[in-house]
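What follows is a single structure, written as structure tokens, with notes after it.
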Amino acid sequence: QVQLVESGGGLVQPGGSLRLSCAASGTISSINVMGWYRQAPGQERELVAVMTRTGSTNYADSIKDRVTISGDTAKNTVYLQMNSLKPEDTAVYYCHANGVTSMGVFYAGPYWGKGTLVSVSS
């Protein structure tokens with residue numbers, strides 16, 4: 001079955017940058033939608049950014065000025081470049097995917113990764 005594996009999280013100082021990666025494993029032909037959500041302590045999970053296989057993107061207004069989502073379709077991988085990080089960005093960041101085609105079969109999903117922790121602190 002499809003699995004999503006995140007990497008790139010860690011501890012960073014305010015104003016610093018990180019690039020998160022998410023790779024989808026398995027024999028995959030295409031993924032319709034792939035992106036990132038986050039969940040801060042005591043908060044609900046919220047959208048950060050998503051993109052379609054055609055290149056359309058959608059960002060949360062609260063963070064769109066500081067992040068950029070991109071992907072490598074050949075590698076079934078999506079990235080999140082995060083700049084000018086603030087303590088309020090501290091959260092577990094989850095990779096998300098919908099609409100996966102594998103071995104000629106379409107799977108609607110959704111699929112979720114296990115998450116990667118981003119901690120912004122001095």
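All residue numbers in this chain count up from 1 along the given sequence. Everything numeric in this text was worked out from a predicted model, so none of it was measured.
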- [ ] Give a yes/no verdict on a cation-pi contact between Arg45 and Tyr37, requiring under 6.0 Å between NZ or CZ and the six-membered ring centre and an angle within 45° of the axis.
- [x] no
TODO: Grab the two heavy atoms, one from Ser30 and one from Arg53, that are nearest each other, plus how far apart they are.
DONE: OG-NH1, 3.2 Å
Open item on the list: Rounded to the nearest 0.5 Å, what separates atom OG1 in Thr101 from atom CG in Asn32?
Closed with: 6.0 Å
Task: His96 NE2 to Tyr111 OH distance, which is reported to the nearest 0.5 Å - done: 11.0 Å
Task: Closest non-hydrogen atom pair between Ile31 and Ala97, with its separation - done: CG2-CB, 4.0 Å
TODO: Could you check if a side-chain atom of Thr90 sits within less than 4.5 angstrom of a side-chain atom of Ser121, using non-hydrogen atoms only?
DONE: no
Open item on the list: Using 0.5 Å steps for rounding, measure from the CD1 atom of Ile69 to the CH2 atom of Trp36.
Closed with: 8.5 Å
Open item on the list: Main chain of Gln13, side chain of Ser122: is a donor-acceptor contact present, judged purely on distance under 3.5 Å?
Closed with: no
Open item on the list: Is there a path of hydrophobic side-chain contacts, each under 4.5 Å between heavy atoms of I/L/V/M/F/W/Y residues, joining Val33 to Val5?
Closed with: no
- [ ] Evaluate the criterion side-chain contact (heavy atoms from CB on, under 4.5 Å) for residue pair Leu4 and Met34; output intermediate values, then yes/no.
- [x] CA-CA 10 Å; Leu4 305 176; Met34 201 169 180; 4.1 Å; yes
Task: Interatomic spacing from CZ in Arg38 to OG1 in Thr116 - rounded to 0.5 Å - done: 14.0 Å
Task: side-chain contact (heavy atoms from CB on, under 4.5 Å) between Tyr59 and Asp65, worked out - done: CA-CA 9 Å; Tyr59 295 91; Asp65 292 339; over 6 Å; no
Task: Transitive ILVMFWY side-chain link Trp112 to Val50, under 4.5 Å - done: yes
Task: In one Ile/Leu/Val/Met/Phe/Trp/Tyr side-chain cluster, 4.5 Å: Val78, Tyr107 - done: yes
- [ ] Flag yes if Val92 and Met82 sit in one hydrophobic cluster, no otherwise; membership is Ile, Leu, Val, Met, Phe, Trp, Tyr, and two members link when side-chain heavy atoms are under 4.5 Å apart.
- [x] no
Task: Which atom of Tyr94 lies closest to which atom of Gly113, heavy atoms considered - done: CD2-O, 3.6 Å
- [ ] Please indicate whether Gln39 has more than 12 foreign heavy atoms, meaning atoms of other residues, nucleotides or ligands, lying under 6.0 Å from its CD.
- [x] yes
TODO: Please say which of Leu80, Leu47, Val48, Leu85 ends up in a side chain to side chain contact (heavy atoms under 4.5 Å, CB included) with Ile63.
DONE: Val48
Open item on the list: Any non-hydrogen side-chain atom of Val118 less than 4.5 Å from a side-chain atom of Leu20?
Closed with: yes
TODO: Would you mind checking if Lys114 and Glu6 are paired as a salt bridge, meaning a charged N to carboxylate O distance below 4.0 Å?
DONE: no
Task: Presence of salt bridge, Lys64 and Asp61, under 4.0 angstrom - done: yes
- [ ] Quick one: pull up CG in Asp89 and OG in Ser119 and give me the separation to the nearest 0.5 Å.
- [x] 11.0 Å
Task: Between CE on residue Met51 and OG1 on residue Thr57, distance to nearest 0.5 Å - done: 7.0 Å
TODO: Spell out, yes or no, whether Val2 and Val105 are grouped together once hydrophobic residues are joined by side-chain heavy atoms under 4.5 Å, including indirect joins.
DONE: yes
